[in-house]
2 protein chains.
Amino acid sequence: MYQIVIYMFSKACEYGIKASIFIALSSYKGVRVSLKAIAKEINSPEAFTAKILQDLVRHDVINSMKGAYGGFEIDKSLISSIKLSDIVNAIDGDAIYSGCGLGLDTCDEDHPCPVHHKFKSVREELRFMLENTNLEELALNIKSGASFLKV
Amino acid sequence: MYQIVIYMFSKACEYGIKASIFIALSSYKGVRVSLKAIAKEINSPEAFTAKILQDLVRHDVINSMKGAYGGFEIDKSLISSIKLSDIVNAIDGDAIYSGCGLGLDTCDEDHPCPVHHKFKSVREELRFMLENTNLEELALNIKSGASFLKV
DNA sequence: TTAAAATAGGATAAAATTATCCGAATTAAA
DNA sequence: TTTAATTCGGATAATTTTATCCTATTTTAA
Ligand code: FES
Ligand code: FES
């Protein structure tokens, strides 16, 4: 049996999104968080999470500070403008919404695969969701206890 | 960079879906198709495709016949009742629509992850699409030249 | 009955993703 | 200035997914 079929996200993205939310939450309180604290909070492997955070830093989604009392943070005033798609793009590169669902070289209206029209709406909805969900709202829901980062 | 983020389907599923469509198309004409012909038509690796076809046979999505003049086929009268979700389920097992988008142990209304409510609708639309698309319509679109299996 | 054409299935290999380890560089406090 | 706490980054390992190879089995036609 050839495992799992419909991933919404890779592990890398899962960790990236959850980490970003936790960093945002902490940044509201004005405190930087360490890799160790993040991995513990989101229940992810430390070293792997580090790689993903480095990616997010390079793409200016989050900031980092080395050394004692260092850690990760996000500029408070930017939290509401960071979208899920920014995080996903940072980890993926781009070419996210462009690929054909059935693996044709390009997704092309004029040369569609059998599921093209059926998938288009699903993909567009996914895209819309990613581009219209920001870190602030996700963080606030964690804060209020309306959602959870682990278990 | 930690590649690709949003898969709709695994390669195994892509090949499984495309192969099924081609087999359906051929079955309407009353001819069995060989693995070789399928792999060529959908532009997939032969041996890997063989494994996936075996899965589909075991799950009674398609039929196979060994020996000279053997190959794969689908009972003509069943083509319209085979849904995309049947193919996907055969290759995946199940547990498809159940998992949490952010990797929590379970997707649970009472203990939702930060993206749960946002994702629910996307996932439901995907599910609806898979359960309401049948092989017949996909095959007919190939036949009419409205869609394509490769390139 | 034999030979050729196919699928079935086990073993293995390659590639991609996920995960770990360790030393280097940086920072702040003591 | 030293030390401890951290992130950074390269190397490597484990796991999963994708792909290949080879032999056995089945089936039909000659
Ligand atoms: S061509 Fe396949 S999804 Fe558009
Ligand atoms: S709990 Fe994460 S998608 Fe439902």
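Chain A is the first sequence line, chain B the second, and so forth, proteins listed ahead of strands; every chain is numbered from 1.
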**Report entry** Sugar-phosphate or base contact per nucleotide [nucleotides 23-30 of chain C; S, B, -; heavy atom under 4.0 Å]
**Finding:** ---BBSS-

Requested in this report: Determine, using the 4.5 Å side-chain heavy-atom cutoff (strictly less than), whether B:V57 and B:F48 are members of one ILVMFWY cluster.
Outcome: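 Same cluster.
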
Whole angstrom value for the distance that separates [atom2] of [N] from [atom1] of [X]:
X: B:K11; N: D:dT20; atom1: NZ; atom2: C1'; value: 17 Å
X: B:E46; N: C:dA5; atom1: CD; atom2: P; value: 14 Å
X: B:L35; N: D:dT20; atom1: CG; atom2: P; value: 12 Å
X: B:I52; N: D:dT20; atom1: CD1; atom2: P; value: 11 Å
X: A:E73; N: D:dT6; atom1: CD; atom2: P; value: 14 Å
X: A:K51; N: D:dT6; atom1: NZ; atom2: P; value: 19 Å
X: B:Q54; N: C:dT7; atom1: CD; atom2: P; value: 10 Å
X: A:F72; N: D:dA5; atom1: CZ; atom2: C1'; value: 13 Å

Query - Within-4.5 Å side-chain heavy-atom neighbours: B:L135 and B:I21 - result: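 When only atoms from C-beta onward are counted, B:I21 and B:L135 do touch, with a gap below 4.5 Å.
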
Query raised in the report: Given side chains that start at C-beta, do those of B:C107 and B:H116 come closer than 4.5 Å, heavy atoms only?
Result: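 Yes, at least one pair of side-chain atoms sits under 4.5 Å.
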
Requested in this report: Can you spot which of B:I52, B:D86, B:I17 makes a side chain to side chain contact (heavy atoms under 4.5 Å, CB included) with B:I91?
Outcome: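 Filter result, single survivor: B:I52.
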
Select one nucleotide: of [options], the one nearest the side-chain heavy atoms of [X].
X: B:S10; options: C:dA6, D:dT20, D:dT18; answer: D:dT18
X: A:S64; options: C:dA8, C:dC21, D:dT7; answer: D:dT7
X: B:A12; options: D:dC21, D:dT18, D:dG9; answer: D:dT18
X: B:P45; options: C:dG9, D:dT20, C:dT18; answer: D:dT20

Requested in this report: With sequence neighbours left out, write down each residue that passes side-chain contact (heavy atoms from CB on, under 4.5 Å) with A:S77, or none if nothing qualifies.
Outcome: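 For A:S77 the side-chain contact (heavy atoms from CB on, under 4.5 Å) partners, ignoring immediate neighbours, are A:D75.
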
Requested in this report: Compare side-chain N and O positions of A:R32 against OP1 and OP2 of D:dT7 and report whether any pair is under 4.0 Å apart.
Outcome: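 Answer no for this pair, as no side-chain N or O of A:R32 is under 4.0 Å from OP1 or OP2.
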
Query raised in the report: Are any of the side-chain nitrogens in B:K83 or B:E131 under 4.0 Å away from the carboxylate oxygens of its partner?
Result: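 Between B:E131 and B:K83 there is no salt bridge, as every charged N stays at least 4.0 Å from the carboxylate O atoms.
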
Query raised in the report: Parallel, tilted or perpendicular: which fits the ring planes of B:H111 and A:F148, with parallel below 30° and perpendicular above 60°?
Result: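 Answer is parallel, since the angle falls under 30°.
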
